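Please read these numbers as outputs of a predicted model, since none were measured by experiment.
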Amino acid sequence: MTPEELDSRRPDKQFPGFLDAMLEIPDPRLLAGDLLFILMINFLLQIANEVGDPSFWTNGGFAQPVTMPTTLLAVIVRDSKMSLAWVLGGLWNRSYSSSSVSDDATAVKTALQVW
């Protein structure tokens, strides 16, 4: 092996190119749509959790006064964890790369690969 070939294998020489390739997001609307959908799902899960709680119905159900929920922090934490995991998984599997959004079949295959 030549010294140039050995030099190109050094991690410090390849790391910036690796980061550029991993963080490629040609269509930010796709990423924004994913994050908004995850946020909606987390709010729906929290609503289901509140409605499923027996104290919700004993306090008047939907007729009770609207107050600031004390479980809002749990929604934010769950949403943050799910969003980070989804985005990191998507970046690792290159779900947001140019090839994954070229046509519908490739987009579906990549989305299923992330799951």
Side-chain angles (χ1 to χ4, degrees):
M1 296 194 142
T2 66
E4 292 82 20
E5 290 175 334
L6 290 174
D7 189 48
S8 68
R9 290 186 179 180
R10 289 179 43 195
D12 61 338
K13 299 286 185 186
Q14 294 178 347
F15 190 68
F18 175 72
L19 277 180
D20 287 342
M22 289 299 291
L23 298 177
E24 175 193 5
I25 302 176
D27 189 4
R29 292 176 299 164
L30 185 64
L31 175 63
D34 285 351
L35 293 177
L36 285 174
F37 185 74
I38 290 173
L39 181 65
M40 281 186 348
I41 292 299
N42 278 309
F43 278 119
L44 289 174
L45 285 173
Q46 189 62 34
I47 289 171
N49 189 25
E50 293 295 327
V51 170
D53 189 13
S55 67
F56 175 79
W57 298 107
T58 58
N59 291 333
F62 290 108
Q64 62 184 324
V66 177
T67 59
M68 184 67 176
T70 58
T71 57
L72 187 60
L73 180 62
V75 175
I76 294 170
V77 169
R78 183 174 51 226
D79 181 62
S80 299
K81 288 179 184 178
M82 288 177 70
S83 297
L84 282 174
W86 182 265
V87 170
L88 289 177
L91 289 175
W92 183 256
N93 289 315
R94 298 176 188 243
S95 298
Y96 300 112
S97 66
S98 303
S99 62
S100 67
V101 293
S102 61
D103 62 355
D104 290 339
T106 307
V108 169
K109 186 192 314 184
T110 306
L112 292 175
Q113 186 180 20
V114 169
W115 281 100

K.L.:
Closest approach of Phe56 and Glu50, non-hydrogen atoms and distance?
P.N.:
CB-O, 3.1 Å
K.L.:
Could you list the donor-acceptor pairs under 3.5 angstrom formed by side chains in residues 31-44, with sequence neighbours left out?
P.N.:
| residue | atom | partner | partner atom | Å |
| --- | --- | --- | --- | --- |
| Asp34 | OD2 | Trp86 | NE1 | 3.1 |
| Asp34 | OD2 | Tyr96 | OH | 2.7 |
| Asn42 | OD1 | Arg78 | NE | 3.1 |
| Asn42 | ND2 | Ile38 | O | 3.1 |
| Asn42 | ND2 | Asp79 | OD1 | 3.0 |

K.L.:
Any donor-acceptor pair under 3.5 Å linking the side chain of Trp57 with the backbone of Gly52?
P.N.:
no
K.L.:
The criterion is side chain to side chain contact (heavy atoms under 4.5 Å, CB included); which residues satisfy it with Ser55, sequence neighbours excluded?
P.N.:
Asp53, Thr58, Asn59
